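Have a look at the structure below before the remarks.
These values consider heavy atoms only, across backbone and side chains, with no hydrogens, waters or symmetry-generated copies. Chain identifiers are assigned alphabetically (A, B, ...) following the order of the sequence lines, protein sequences preceding nucleic acid strands; residue numbering begins at 1 within each chain. It should be emphasised that the depicted structure is a prediction, and the values quoted were computed from it without experimental measurement.
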Amino acid sequence: MRIASWNINSLRARMGRLLDVLDTRQIDAIALQEIKAKPEQLDLAELEARGYEVAAHGLNQWNGVAIVSRVGLEDVEIGLPDMPEYDGVAEARAITATVGGVRLTSLYIPNGREIDHAHYDYKLEFLDCLTEHGRSLLAKNPSAPIVFAGDFNVAPTDADVWDPSFFEGKTHVTPPERRRIRALEEAGFRDATRDWLDAPGTFTYWDYTSRRFQKKQGMRIDFLFSSPAVHEAATGAMIDTEERAQKGTSDHAPIILDVSL
DNA sequence: ATGGTAGAATGTCTA
């Protein structure tokens, strides 16, 4: 089974790009982030014609997550247990479904904005909530096949950004954010793509501004954090930088994992 | 030509 994750930066603006990625890479299930739409605004005809089912969660023009699968899509859950709110709103940042025997969650972790912004504290709380949830799931069943897929908005090490000095004083690289990624790893989840892709300059996101993709100035902030059962079943991974090179695509590249469960 | 895109409530926030 081939599973993927992609911050698509508007599903309506890029439905054609999604279909192209699904066709070209023969993806069975993909977790999408920043769909930027309510479910009723989406035209799913072309996905359904290809045999894909869709579960989408979006409240307005911001955030929004979805799962698209041609290997079944069951037991959909919105949000996370005890998920933190922002300004009193439970935002559209998590959706979960069982696809091909894997419990897949599509996650759009809050950006954090500035270090002294309330959004940064919200981001840390959200990551704490996710780790607690993962810990709880594995306590119940250590061999559960789980993937936390998405845009984590954290570069776990200095090697995951094109120039650490550029990010001094900025979010995405601070010790508290990085500690939370390590806590998720200590809970039993590993980014399954990193075992296959660890060369310097391996990134998943390149800012539109300053044409950072053309300059190879990216960040590695998208991951497929996998439980041991999935991680041990992984047979390969790729980051679709060919898609990121396309005209009119997202500022993130799709990340792809093959698993033999 | 000092660098500065893209998407969404069409104006300004978000990333």
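In this structure, A/Q41 reaches the sugar-phosphate backbone alone: every heavy-atom distance under 4.0 Å involves primed, P, OP1 or OP2 atoms, never a base. Counting non-hydrogen atoms under 4.0 angstrom, A/T209 reaches a base of the nucleic acid. At the heavy-atom level, A/R14 lies under 4.0 Å from the strands shown only through sugar-phosphate atoms. Across all strands, A/Y108 comes closer than 4.0 Å only to sugar-phosphate atoms, never to a base (heavy-atom distances).
Note: CD (A/Q61) to P (B/dT12) measures 14 Å, nearest angstrom. Nucleotide B/dT5 holds its C1' atom 11 Å from the CD atom of A/Q214, rounded to whole Å. Between A/I35 atom CD1 and B/dG7 atom C1' the separation is 14 Å, expressed in whole Å. Between the CD atom of A/E91 and the P atom of B/dC13 there is a distance of 16 Å, given to the nearest Å. For A/K36 and B/dA6, the NZ to P distance is 12 Å, given to the nearest whole Å. The nearest whole Å value for the distance from the CD1 atom in A/I8 to the P atom in B/dT14 is 22 Å. Counting to the nearest Å, the P atom of B/dG4 and the CZ atom of A/F213 are 17 Å from each other. Distance CH2 (A/W62) to P (B/dA9): 10 Å, rounded to an integer number of Å.
Put simply, the side chain of A/R244 reaches to within 4.5 Å of the side chain of A/D251, judged on heavy atoms. At least one side-chain heavy atom of A/R194 sits less than 4.5 Å from a side-chain heavy atom of A/R220.
Between A/A13 and A/E34, the residue whose closest nucleotide on DNA chain B is further toward the 5' end is A/A13. Comparing A/H252 and A/S210 along DNA chain B, the residue whose closest nucleotide (by nearest heavy atom) sits nearer the 5' end is A/S210.
Closest to the side chain of A/Y208, out of B/dA9, B/dT5, B/dG7, is B/dT5. Listed candidates were B/dA15, B/dG4, B/dA8. Nearest to the side chain of A/R12 is B/dA8. Residue A/S10 has its side chain nearest to B/dA8 when only B/dA15, B/dA8, B/dT5 are considered.
Comparing B/dG7 with B/dG3, their P atoms are spaced 23 Å from each other, to the whole Å. On the C1' atoms, B/dA15 is 14 Å away from B/dG4, given to the nearest whole Å. Using P as the reference atom, B/dA6 and B/dG11 are 23 Å apart when rounded to the nearest Å.
A cation-pi contact links A/R212 to A/F166, judged by a cut-off of 6.0 Å to the six-membered ring centre and 45° from its axis.
For the residue pair A/N111 and A/K123, no side-chain donor N or O sits within less than 3.5 Å of a side-chain acceptor on the partner. Between the side chains of A/S260 and A/D258, no donor N or O sits under 3.5 Å from an acceptor N or O.
Between A/A37 and A/L42 the shortest heavy-atom distance is CB-CD2, 3.9 Å.
Between A/R113 and B/dA15 there is a side-chain polar atom (N or O) within less than 4.0 angstrom of OP1 or OP2.
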